[in-house]
There are 2 protein chains.
Amino acid sequence: MAMPQIAVRRHDCHGCPLHALCIDEAPAGAALPVQRQPCLAQRSLRLSAGEHLFRVADDTARQLYVIRAGDIKLYQHGRDGGQHIVEFLGPGAWLGLESLFQPQHTAAAVALSACEVVVVPYPWLTALLDRQPRSAEAFAQMLSATVARHQRHAAMLRHTTALQRIAQFLLQRLELAGAAQGDATPAAPRASLPMSRQDIADYLALTASTVSRWLSVLRRRGWLVSGQRGVTLPAPAMLRRLAAGEVPAEPD
Amino acid sequence: MAMPQIAVRRHDCHGCPLHALCIDEAPAGAALPVQRQPCLAQRSLRLSAGEHLFRVADDTARQLYVIRAGDIKLYQHGRDGGQHIVEFLGPGAWLGLESLFQPQHTAAAVALSACEVVVVPYPWLTALLDRQPRSAEAFAQMLSATVARHQRHAAMLRHTTALQRIAQFLLQRLELAGAAQGDATPAAPRASLPMSRQDIADYLALTASTVSRWLSVLRRRGWLVSGQRGVTLPAPAMLRRLAAGEVPAEPD
DNA sequence: CGAACTGTTGACCGAGCTCAAAGCAAGTGG
DNA sequence: CCACTTGCTTTGAGCTCGGTCAACAGTTCG
């Protein structure tokens, strides 16, 4: 059985998160340029659940990270010992943007589950950015999207009730799961919650008690099935109405 | 009186906010390179108080802005009609970072006082970034600082009481005023408040009532003198203690 | 099986919001 | 110069949402 021999492996980096940044430079069958090397020579790192990737005030080691698999939470310390979760990050997300080209990290990152992260040294990044104009644009766009995302999250934390925040959070997790599946199952209302209730609370500026309370209410009403680290949402439409504040949020 | 004739005006752009980005390429008496041109050929814009620089969903026009003089507030619309102030920006600050290389603005910017802003078209920026490696780094650093700043602000809005937020805000305005004066008057405890009480409230995720109430308390206690658009803080040390939550925040 | 941890639920309480009224400053027109 | 308007600020009274504290249930791991 003579299989056709492939002249150039088109995409070793097809599933690579750097893809979006480095694909532009090789429009079609062009020879793989030098810059493509990072995609091939990736150095990756494995973390088990609970292990820190970096902590606050750690040296940045002049590198950042891209999550290939697993979930990571990015957090800061609140005055009172409680922690303030900046973001939950999944596969494809970049880590270390908040301290780019700066000596120390201003946040900490810890694995929620077993993770694989790709290491991206600054030199690789700058080389890419300098040699290839459009990549600088793409990277700037990603940074600005991060700014915009944080602005939206900050906005959500004001003028919204606990229930609204929880509903929005669930929807966010839901469409995140949907995007990962490539919309293959658009009607599968399953969302993963790899983080603890306390983590959810710290993300939404609530207490674990309150999160638990409202989740119970949703469960009692049938808007949410099952309870622990995964959840199915049979009525996303209703959740959307809750998130928008169209329902007065009765306790029971 | 024969004044010595200056051979080359060293820095036409000395007071220019782009300075930090473009100074590196001309270490010393080097001839002014082409890239320096933007500094000289700046197109600037004047706004009177209350005038919008851009609104949400406006076209970005592929340009961003740097404030040369005046104060601008950057805000988004909250669901309930109230507005959520992202940041107050003064001279030297960049505007439009949250929608960089994207078609539409995700926030609105309005002048609080008479302003002068410098227009920076994307092409200038990309030209600068592409030609000069260190500028890309500086720019990325600024973007990442913006991310970090928003993270800190979001962190402040949790686990802090109304009084703490107000104290922190006043201190922030104070050191901002100090920085503008180049620390010429380090002991001059004067801060400008070019925004309304409602704006302060929207920035701190409070109500105008609450802001007014606590400012009154501070005034009654003598930690704060005068009231309207400017304010003097005779006891910054006490404010710092309040901001840190070391004082139980008694109403009176 | 017990220990330690996470999640759930209840009772109470307080910080800040809502609603409302009055005080003040700046502008307008007679 | 003053009556009138308009918008911002201040202040009061009551109420509500979510936090605090605490007890209990369920899970994981030795």
Side-chain angles (χ1 to χ4, degrees), chain A residues 48-50 73 78-84 112-113 156-167 169 193-221 224 226-231 242 245 247-252, chain B residues 48-50 73 78-84 112-113 156-167 169 193-221 224 226-231 242 245 247-252:
Chain A
S48 44
K73 78 172 176 191
R79 270 255 149 254
D80 52 353
Q83 55 191 20
H84 154 214
L112 293 168
S113 54
M156 193 199 67
L157 294 188
R158 355 178 117 196
H159 308 306
T160 56
T161 69
L163 180 56
Q164 285 178 282
R165 293 180 206 181
I166 289 167
F169 176 70
L193 301 178
M195 66 297 287
S196 73
R197 299 286 189 263
Q198 183 61 56
D199 285 341
I200 299 176
D202 287 338
Y203 179 63
L204 298 176
L206 296 171
T207 5
S209 305
T210 305
V211 171
S212 198
R213 240 183 276 281
W214 284 110
L215 284 181
S216 296
V217 170
L218 293 179
R219 203 180 302 126
R220 225 170 285 138
R221 300 234 192 129
L224 178 150
S226 164
Q228 217 63 327
R229 290 303 164 98
V231 122
L242 287 177
V247 185
E250 312 137 25
D252 194 13
Chain B
S48 44
K73 78 173 178 190
R79 268 261 148 252
D80 52 353
Q83 56 191 18
H84 153 215
L112 292 168
S113 52
M156 192 200 70
L157 294 187
R158 358 178 112 198
H159 308 307
T160 56
T161 69
L163 180 56
Q164 284 178 283
R165 294 181 205 180
I166 289 167
F169 176 71
L193 302 178
M195 69 295 286
S196 73
R197 299 289 189 261
Q198 183 62 55
D199 285 341
I200 298 176
D202 288 338
Y203 179 63
L204 299 175
L206 296 171
T207 6
S209 305
T210 305
V211 172
S212 197
R213 243 184 274 281
W214 284 110
L215 284 181
S216 296
V217 171
L218 293 179
R219 204 178 304 128
R220 225 170 286 137
R221 299 232 193 130
L224 179 150
S226 165
Q228 218 63 325
R229 291 302 164 97
V231 123
L242 288 176
V247 184
E250 311 137 25
D252 196 10

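The structure presented is a predicted model; accordingly, all values stated were derived computationally and were not measured. In what follows, chains carry the letters A, B, and so on, assigned in the order in which the sequence lines appear, proteins first and then strands, with residues in each chain numbered from 1.
- Distances were taken from every side-chain heavy atom of A:Arg213 (C-beta onward) to each of D:dT9, C:dG10, C:dC19; the shortest belongs to C:dG10.
- Here the nucleotide nearest the side chain of B:Thr210, chosen from D:dG18, C:dT8, C:dC17, is C:dC17.
- A:Gln83 meets the side chain to side chain donor-acceptor pair (under 3.5 Å) test with no other residue; sequence neighbours excluded.
- A 4.5 Å side-chain heavy-atom check between B:Leu218 and B:Leu163 finds at least one atom pair inside the cut-off.
- Listed candidates were C:dT8, C:dG16, D:dT9. Nearest to the side chain of B:Ser212 is D:dT9.
- For B:Ser113, the side chain to side chain donor-acceptor pair (under 3.5 Å) criterion is met by no residue, not counting sequence neighbours.
- Taking the side chain to side chain donor-acceptor pair (under 3.5 Å) definition, one finds that B:Ser212 meets it with nothing, sequence neighbours left out.
- Closest to the side chain of B:Ser216, out of D:dT11, D:dT20, C:dG7, is D:dT11.
- End-to-end axis angle for the helix from C:dC1-D:dG30 to C:dG30-D:dC1, using five pairs per end and rounding to 10°, comes out at 30°.
- Residue-level contact check: A:Ala201 touches neither bases nor backbone, having no heavy atom under 4.0 Å from any strand.
- Taking the ring-ring contact (aromatic ring centres under 6.0 Å, His included) definition, one finds that B:Phe169 meets it with B:Tyr203, sequence neighbours left out.
- Distance from the side chain of A:Ser209 is smallest to D:dC21 among D:dG18, D:dC21, C:dG16.
- Residues satisfying the side chain to side chain donor-acceptor pair (under 3.5 Å) test with B:Arg213, not counting sequence neighbours, are none.
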